[in-house]
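Presented below is the structure to which this report refers.
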Protein chains: 2
Amino acid sequence: MMFDKSRSAGALVSDIARLHAAEQQRALAPLGLSRAQFVVLCELWLADGMTQRELANGLGLEQATMANTLARMQRDGLVTRKPHPDDGRSQQIWLTEWARDLRDPASRAALEADGLLAAALPSAERELFLSMLSRVTANLRSGKTG
Amino acid sequence: MMFDKSRSAGALVSDIARLHAAEQQRALAPLGLSRAQFVVLCELWLADGMTQRELANGLGLEQATMANTLARMQRDGLVTRKPHPDDGRSQQIWLTEWARDLRDPASRAALEADGLLAAALPSAERELFLSMLSRVTANLRSGKTG
DNA sequence: TGTATTTGCATAGCAAGCTATGTAATGATA
DNA sequence: TATCATTACATAGCTTGCTATGCAAATACA
C-alpha cells in the first residue's frame with residue numbers, strides 16, 4: 001500500500017494553498033493586512049453592517065474563528081462593532097474609513113498573488129483550471145452539508 | 001477595482017485545501033493520526049533515520065514547524081529520537097513499531113479523502129487536473145527560491 | 001406567564017503554520 | 001590554537017483554523 005503525494009490532488013492542493021497564502025501575505029503586508037482579514041474585507045466591501053454569524057456563514061468559517069479574526073480587525077482599526085438595533089445578542093460589523101480606502105490597493109495586491117499562480121499555466125488552460133477548481137469546491141462543500 | 005473570489009484560483013485552492021484537510025483528518029482520526037503527522041510518516045516510511053532538517057527540507061516546511069510536529073509525534077508514540085552518530089547537534093528520527101504498522105491503514109484513509117476530491121471531476125479530466133496542479137506547485141516552489 | 005430551547009457571541013485550549021531568537025556543536029580560518 | 005561563522009535544534013510568540021463550553025438574549029410553548 002503506497003501513498004504517492006506527487007499524484008495526490010489533496011497533497012498538491014495543500015502545497016499550493018500554503019505557497020499561495022505566503023505570496024498573498026507578502027503582497028498584502030505593506031498595507032498592514034493579513035490574508036484572513038482581506039477575505040473578511042471582501043465580504044464587507046460588498047455590504048457592511050452584517051452580523052458575525054452572517055459573515056461566518058458567507059465565508060464557510062466557524063463562528064469562533066470569525067470572532068477571533070474580527071477581534072484582531074477591530075484591534076487593527078479595520079472594523080467597528082455596534083449593537084444590533086433589532087437583536088440584543090448580535091452586533092453589526094462596520095468598516096472604518098481606513099478599511100474602505102484599502103479596497104483598491106488590497107484588491108490589486110490579491111490579484112497580483114493570483115497572477116503568480118495562474119502564470120504556471122498557458123492561458124488556454126486557465127479557464128478550464130478555474131472550472132475544475134469550482135466544481136471540486138462545490139462538490140466538497142455539498143458533501144459537507146448533505 | 002474588484003476581487004471576485006469565485007474566479008480566483010488562489011481563493012478556490014485555499015477553500016479546497018481546508019475542506020480536504022477536514023476530510024483527511026476525519027479519515028485519519030480513528031488511527032490516532034493527524035494530517036500533519038501523516039505527511040511526516042510518508043517520508044519516514046520510505047526511509048527513517050533522517051534528521052529533522054532533512055525532513056523539513058523534504059516537506060518544504062520550516063525547521064521550527066518540524067520540531068513542534070516531531071515533538072507531538074514523539075509524545076504520541078510515533079517516533080523516537082536518537083543522537084546522531086556523526087554529529088552531536090542533530091538527532092535521527094526513527095519510527096516506532098506502531099507507526100510502521102500504520103502504513104497501510106493510514107494510506108488507505110488518505111486515499112479515501114483524495115477520492116472524495118477527485119470524485120468531483122469526470123475521470124477523463126483527472127489526469128489533466130493532476131498535471132495542472134503539479135505544474136502550479138513546481139512553478140510556485142521555484143519562484144520562492146529563485 | 002413561566003420554563004425550555006435556540007441563537008449569537010466570547011473564551012479556552014489545541015494544532016500547525018510562521019518568524020525571530022537563543023544555545024550548543026561543528027567547521028573554517030587567522 | 002583561538003576565534004568566528006555556520007548549522008541543528010529548541011523555544012517563544014504570533015495567526016488562523018478547529019472543537020467545546022458558558023452566558024445572555026430571543027423565541028417557542030405548555
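Numbers restart at 1 for each chain; the letters A, B, ... are given by sequence-line order, proteins then strands.
When distances run from any side-chain atom of Ala36(B) to the nucleotides dA10(D), dA16(C), dC18(C), the shortest one goes to dA16(C). Nearest to the side chain of Gln91(B), among dG8(C), dA10(D), dT19(D), sits dA10(D). When the nucleotides dT19(C), dA10(D), dT19(D) are ranked by their closest atom to the side chain of Ala67(B), dA10(D) comes out on top. Of all nucleotides listed (dC18(C), dT26(C), dA16(C)), dT26(C) comes nearest to the side chain of Asp87(B). Proximity note for Thr51(A) (side chain, C-beta onward) versus dC9(D), dC18(D), dC9(C): the nearest is dC9(C).
Side-chain N/O atoms of Arg81(B) include one lying less than 4.0 angstrom from OP1 or OP2 on dA10(D). OP1 or OP2 of dC18(D) has at least one side-chain nitrogen or oxygen of Thr65(A) nearer than 4.0 Å. Side-chain nitrogen and oxygen atoms of Gln25(B) include none within less than 4.0 Å of the OP1 or OP2 phosphate oxygen of dA15(C). Distances shorter than 4.0 Å separate some side-chain N or O of Thr69(B) from OP1 or OP2 on dG17(C). Considering only side-chain N and O atoms, Ser34(A) lies under 4.0 angstrom from the phosphate OP1 or OP2 of dT16(D). An OP1 or OP2 oxygen of dC14(C) is reached within less than 4.0 angstrom by no side-chain nitrogen or oxygen of Arg75(B). Distances shorter than 4.0 Å separate none of the side-chain N or O atoms of Gln63(B) from OP1 or OP2 on dT7(D). One finds a side-chain N or O of Arg72(B) lying less than 4.0 angstrom from the OP1 or OP2 phosphate oxygen of dA16(C).
One atom, CD of Gln24(B), and another, P of dC18(D), lie 16 Å apart when rounded to the nearest Å. Computed from coordinates, the Leu33(B) CG to dA16(C) P distance equals 10 Å when rounded to whole Å. dT16(D) atom C1' lies 11 Å from atom CE of Met66(A), rounded to whole Å. Distance CG (Asp86(A)) to P (dT7(C)): 18 Å, rounded to an integer number of Å. Between the C1' atom of dG17(D) and the CZ atom of Arg35(A) lies a distance of 12 Å, rounded to the nearest Å. The CZ-P distance, from Arg18(A) to dA15(C), rounds to 19 Å in whole Å. Here the P atom of nucleotide dG17(D) and the CG atom of Leu55(A) are 13 Å apart, to the nearest Å. Remark: P of dA26(D) and CZ of Arg53(A) are 17 Å apart, rounded to the nearest angstrom.
Taken to the nearest 0.5 Å, the OG atom of Ser34(B) stands 8.5 Å off from the CG atom of Leu78(B).
Transitive grouping of hydrophobic side chains (ILVMFWY, heavy atoms separated by less than 4.5 Å) keeps Phe38(B) and Met2(A) in distinct clusters.
If you check every strand for non-hydrogen atoms under 4.0 Å, Ala71(B) touches nothing. Ala21(B) comes within 4.0 angstrom of nothing in the nucleic acid, heavy atoms only.
Considering only heavy atoms from C-beta on, Gln25(A) stays 4.5 Å or farther from His20(A) through its side chain.
The residue among Asn68(B) and Ser90(B) whose nearest nucleotide of DNA chain D is located toward the 5' end is Ser90(B).
One finds a salt bridge joining Glu125(A) and Arg135(B) here, because a Lys/Arg side-chain nitrogen approaches an Asp/Glu carboxylate oxygen to under 4.0 Å. Electrostatic pairing of Glu23(B) and Arg18(B) does not count as a salt bridge here, judged by no charged N lying under 4.0 Å from a carboxylate O.
Remark: the Asn57(B) side chain and the Arg53(B) side chain contain an N/O donor-acceptor pair separated by less than 3.5 Å.
Remark: the Arg89(B) side chain and the dT7(D) base include a donor-acceptor N/O pair separated by less than 3.5 Å.
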